[in-house]
Amino acid sequence: MRLVFMGTPDFALTALRAICEAGHDVALVVSQPDKPRGRGYLLTPSPVKKYAVDNGIEVITPATLRDGDVAGKLKSVGADVFIVAAYGKILPPDILSIPPLGCVNIHASLLPAHRGAAPINRAVIEGDTVGGITVMYMDAGMDTGDIIAQRSIPIPPDMTAGEYHDSLAELGGEMITEYLSAAEKGPVPRTPQPSEGVTYSPKIDKAETRADFTRSGAEVCNLIRGLSPYPAAYTVFRGKRIKLLRAHPGTGSGKPGTVISLSDGIEIACGTGSAVVTSLQPEGKGVTDYASYLRGNACKTGDLFGG
């Protein structure tokens, strides 16, 4: 298959690598423009762009897709299909109509659940126990197109969003190569999405990342693992931010935000139950386990987090 690949982060890179290793002809890669990163704010290419450059694949990084030159370029390569994975921009109708076989998206949820920009984080934050990948035809709506294939995986209660992301990325790579193999043989069946079970997963807002210890211990732990490792839930202790990266529900109780035990983690009382923090990152320092943190910080039972 001759195709255009559109994607930006590591999730998309896994799919692009799988497509290339399967021997398909990637005529062009489209990714987001380079962004300043790191302490020096150096312009850095996306993982997808870097892979394309390293492997001699032509790549473009348009600031907008609503440019006639971009549409002209996409038409000129003569691709059978466009494959899209976490590209980061909405494809306008004139782009969607270019490839003969349509635009096919790798979406990180079992649609119609978790339509939108943050399905991986939201699934974990909301305590879902099962998730998965949907390979789908794209239309003008937000993740509303017909389904080509779906496959589910469990979300264990201790899985972080980062771990869930990696599992889904591998699954997405497998599924998209299966689709391309099937499409080489002829038309691929499509199934309209059901009207029941529609939910939305908007982008994570910064205001959501602060842990609210008045909520239940289970909800706080789900927030922590649902934002780990990035953008990371946080709290404030003695005037400084601390990122919370791993936690599990505890059985203790007390005033929300109060440290009630230090035996197998920093156990913090919540509205109901507690959250036992086992991995964290103090402001300006590296990630550490709770025992190492306690050796260098005078944290004791009765102390208050979140103030």
Side-chain angles (χ1 to χ4, degrees), residues 1-8 11-31 48 52 57-60 65 70-116 119 130-153 167-198:
M1 297 288 284
R2 184 170 174 82
L3 61 94
V4 167
F5 185 87
M6 307 179 76
T8 301
F11 179 86
L13 171 59
T14 302
L16 176 58
R17 184 183 292 115
I19 289 168
C20 291
E21 291 175 352
H24 295 287
D25 178 12
V26 182
L28 179 69
V29 163
V30 185
S31 193
V48 163
I57 304 170
E58 183 179 3
V59 56
I60 60 173
L65 295 179
V70 176
K73 177 64 176 179
L74 291 170
K75 289 176 183 177
S76 72
V77 301
D80 302 303
V81 64
F82 292 179
I83 302 299
V84 183
Y87 172 52
K89 291 182 183 292
I90 295 174
L91 274 59
D94 63 325
I95 301 292
L96 291 171
S97 65
I98 293 173
L101 299 184
C103 297
V104 173
N105 184 43
I106 307 167
H107 186 74
S109 80
L110 298 175
L111 292 170
H114 294 298
R115 292 174 177 171
V130 176
I133 289 287
T134 300
V135 175
M136 55 171 286
Y137 289 106
M138 299 178 72
D139 60 17
M142 181 185 289
D143 303 321
T144 56
D146 291 348
I147 293 170
I148 297 169
Q150 288 187 316
R151 197 169 298 164
S152 64
I153 61 171
S167 296
L168 288 182
E170 291 296 329
L171 181 59
E174 294 172 11
M175 292 177 68
I176 200 61
T177 55
E178 291 171 4
Y179 157 76
L180 290 169
S181 295
E184 286 182 305
K185 300 178 178 67
V188 176
R190 56 200 301 161
T191 304
Q193 291 188 36
S195 57
E196 301 80 22
V198 175

Inset, instruction - Check whether any side-chain N or O of N105 sits under 3.5 Å from a backbone N or O of M136 as a donor-acceptor pair, and report yes or no. - result: no
Inset, instruction - Please identify each residue that fulfils salt bridge (Lys or Arg N to Asp or Glu O under 4.0 Å) with E184, with sequence neighbours left out. - result: none
Legend entry - Considering all heavy atoms, the nearest S109-P119 contact: CB-CB, 4.0 Å
Legend entry - Those residues that, when tested against E58, pass side-chain hydrogen bond (donor to acceptor under 3.5 Å, both in side chains) (two or more places apart): K73
Inset, instruction - Answer yes or no: is there a donor N or O on one side and an acceptor on the other, between the side chain of T177 and the main chain of G173, under 3.5 Å? - result: yes
Legend entry - Set of side-chain contact (heavy atoms from CB on, under 4.5 Å) partners for P112, sequence neighbours left out: R115, Q193, P194, V198
Inset, instruction - Applying salt bridge (Lys or Arg N to Asp or Glu O under 4.0 Å), name anything that partners D139, two or more places apart in sequence or on another chain. - result: none
Legend entry - Euclidean distance, Y179 OH relative to I83 CD1, rounded to 0.5 Å: 5.5 Å
Legend entry - Considering all heavy atoms, the nearest I133-A108 contact: CD1-CA, 3.9 Å
Inset, instruction - State the CG-CD1 distance between L28 and I60, to the nearest 0.5 angstrom. - result: 5.0 Å
Legend entry - L96: partners by side-chain contact (heavy atoms from CB on, under 4.5 Å), with sequence neighbours left out: L91, C103, M138
Inset, instruction - Taking the side chain as every heavy atom from C-beta outward, state whether V70 and V30 have any pair of such atoms under 4.5 Å apart. - result: no
Inset, instruction - Just grab all the salt bridge (charged side-chain N to carboxylate O under 4.0 Å, His left out) pairs involving residues 78-103, residues at least two apart or on different chains. - result: none
Inset, instruction - Not counting sequence neighbours, which residues clear salt bridge (Lys or Arg N to Asp or Glu O under 4.0 Å) with D25? List them please. - result: R2
Inset, instruction - List in chain and number order the residues that pass side-chain contact (heavy atoms from CB on, under 4.5 Å) with T191, two or more places apart in sequence or in another chain; answer none if no residue qualifies. - result: none
Legend entry - Candidate list I176, L3, V84, test side-chain contact (heavy atoms from CB on, under 4.5 Å), partner V104, passing option: I176
With a 3.5 Å cut-off and sequence neighbours excluded, list the donor-acceptor pairs that the side chains of residues 11-23 form with protein atoms.
| unit_1 | atom_1 | unit_2 | atom_2 | d |
| --- | --- | --- | --- | --- |
| T14 | OG1 | D10 | O | 3.3 |

Inset, instruction - Could I get the full list of ring pair (Phe, Tyr, Trp, His ring centres under 6.0 Å) partners for Y87, not counting sequence neighbours? - result: none
Legend entry - Which residues share a salt bridge (Lys or Arg N to Asp or Glu O under 4.0 Å) with K75, sequence neighbours left out: none
Inset, instruction - Dump the intermediate steps for side chain to side chain contact (heavy atoms under 4.5 Å, CB included) on I57 and F5, then the final yes or no. - result: CA-CA 10 Å; I57 304 170; F5 185 87; over 6 Å; no
Inset, instruction - For S152 and V130, work out which heavy atoms get closest and say how close. - result: CB-CG1, 3.8 Å
Inset, instruction - To the nearest 0.5 Å, tell me how far I106 CD1 sits from T134 OG1. - result: 11.0 Å
Legend entry - Among V81, V188, T144, side-chain contact (heavy atoms from CB on, under 4.5 Å) partner for Y137: V188
Legend entry - Non-neighbouring partners of I90 that pass side-chain contact (heavy atoms from CB on, under 4.5 Å), sequence neighbours left out: none
Inset, instruction - Drop me the distance from H24's NE2 to L180's CG, to the nearest 0.5 angstrom. - result: 4.5 Å
Inset, instruction - Evaluate side chain to side chain contact (heavy atoms under 4.5 Å, CB included) for V135 paired with E178, printing each intermediate quantity in order. - result: CA-CA 10 Å; V135 175; E178 291 171 4; over 6 Å; no
Legend entry - Shortest non-hydrogen separation from P192 to D146 and the atoms involved: CA-OD1, 3.4 Å
